[in-house]
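One structure is given below, encoded as structure tokens.
Note that these values count all heavy atoms, side chains included, but never hydrogens, waters or copies made by symmetry. All residue numbers in this chain count up from 1 along the given sequence. Quantities reported herein were computed from a predicted structural model and do not represent experimental measurements. Just follow the structure's listing: the first ligand is 1, and inside any ligand the first atom is 1.
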Amino acid sequence: MDIYYSGLCFVFGLVLGSFYNVVGLRIPQHTFLSSSRSVCPACNHTLKWYELIPVLSFLIQRGKCRQCQQSISYLYPTVELITGLSFLLSYLHLGITLDLWITFSLISLFSIILVTDLRFMIIPNKILLFFLPVFILFRICQPLEPWWSGITGAIAGYGIIALIIILSRGGMGAGDMKLFGLLGLLLGFPNILLAFFMAILIGLLSSSVILFKRGCKEKQEVAFGPAIVSGAIITFLFGDNLIGAYMNLFW
Ligand SMILES: [Zn+2]
């Protein structure tokens, strides 16, 4: 049954990843609720069902629109694959537990923000407001110890980024601040501090890779949202082990 559920989680992630591409592109442009079908952004040709199969359509069409031969962004299959693979890996790590559903929701938040933050440099309030009740519900089903840890975590998360914004005069955005507050609610205190540390580490690593590839000619804004959510996912899955290992260094 393990193979069956593994395959199911992978496909579930691929299909949701494809949906998150649409959410991430449409929410910032306020066209999410329009019932229009997906079109090629270059020639406006309405995509048929067989052009919308996650990853496969991209591979079969060799990354080009069937109508106008315009290249399709690598971001689409990348988001689909990231969502599918991380759903699969988290199932293999956690089995079918509440923690798995919490991880699925974090991965979903990551995939959507990857699209909005890379494409538009924003983290839409609508996305955060959607995940707020979801995270609260998770914490009602599985309370933190002590229960108010989520509240202090949210205040700490919000506060840390607010401080960075004040000190760096805009090095991060209000979206990052709200996102980190939301994640603090789920992770609690002091785990949110570990998530912050991880996010900085991931952010520095990924931005140095990007700068290395593009060259450092011009000052570029870096989308920090995906790094923040990755830090939170690592903390949620391995935080207690990491904090334990760190403490062992000193005691
Ligand atoms: Zn086209």
Side-chain angles (χ1 to χ4, degrees), residues 7-89 104-131 173 175-176 179 203 206-207 209-230:
L8 199 68
C9 286
F10 182 58
V11 173
F12 183 47
L14 283 179
V15 173
L16 278 180
S18 175
F19 174 64
Y20 296 153
N21 272 313
V22 177
V23 174
L25 284 176
R26 288 191 177 189
I27 291 268
Q29 305 185 91
H30 309 288
T31 52
F32 182 61
L33 289 176
S34 77
S35 55
S36 60
R37 299 192 43 197
S38 294
V39 295
C40 163
C43 68
N44 254 350
H45 139 79
T46 305
L47 300 177
K48 305 259 166 38
W49 66 267
Y50 51 81
E51 292 169 278
L52 291 166
I53 303 166
V55 186
L56 276 184
S57 298
F58 184 88
L59 291 178
I60 291 168
Q61 294 166 217
R62 295 188 185 159
K64 290 191 172 99
C65 168
R66 278 179 66 252
Q67 194 84 10
C68 67
Q69 300 299 311
Q70 188 69 240
S71 301
I72 303 168
S73 166
Y74 274 95
L75 191 60
Y76 295 105
T78 307
V79 168
E80 289 160 0
L81 264 185
I82 286 178
T83 316
L85 284 176
S86 35
F87 269 39
L88 170 63
L89 289 175
F104 279 177
S105 71
L106 282 169
I107 296 167
S108 304
L109 179 63
F110 172 84
S111 298
I112 297 170
I113 285 179
L114 190 65
V115 179
T116 64
D117 215 6
L118 288 183
R119 284 272 167 122
F120 307 99
M121 290 299 291
I122 55 167
I123 299 169
N125 283 333
K126 278 181 191 159
I127 303 295
L128 300 178
L129 284 173
F130 174 83
F131 281 92
D176 296 321
L179 173 64
S206 52
S207 55
V209 170
I210 293 167
L211 284 178
F212 183 73
K213 276 193 167 172
R214 287 188 194 157
C216 321
K217 286 170 210 150
E218 55 202 291
K219 197 183 166 201
Q220 306 226 9
E221 276 194 79
V222 180
F224 204 63
I228 293 178
V229 189
S230 325

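Of the inter-residue distances, the one linking Leu14 atom CG with Leu85 atom CG reads 7.5 Å to the nearest 0.5 angstrom.
Within the structure, the ring-ring contact (aromatic ring centres under 6.0 Å, His included) test picks out the following pairs touching residues 52-83 (sequence neighbours left out): Phe58-Tyr74.
Shortest non-hydrogen contact noted between Leu106 and Val229 is O-CG1, 3.6 Å. Between Cys9 and Phe104, the shortest heavy-atom distance links the atoms SG-CZ, 4.0 Å.
The Zn ion (ligand 1) has Cys40 SG, Cys43 SG, Cys65 SG, Cys68 SG as its protein N, O or S neighbours under 2.8 Å.
Contact annotation: the side chain of His30 never approaches that of Pro124 to less than 4.5 Å [non-hydrogen atoms, C-beta and beyond].
A distance-only check finds no donor-acceptor pair linking the side chain of Arg66 to the backbone of Gln61 [under 3.5 Å].
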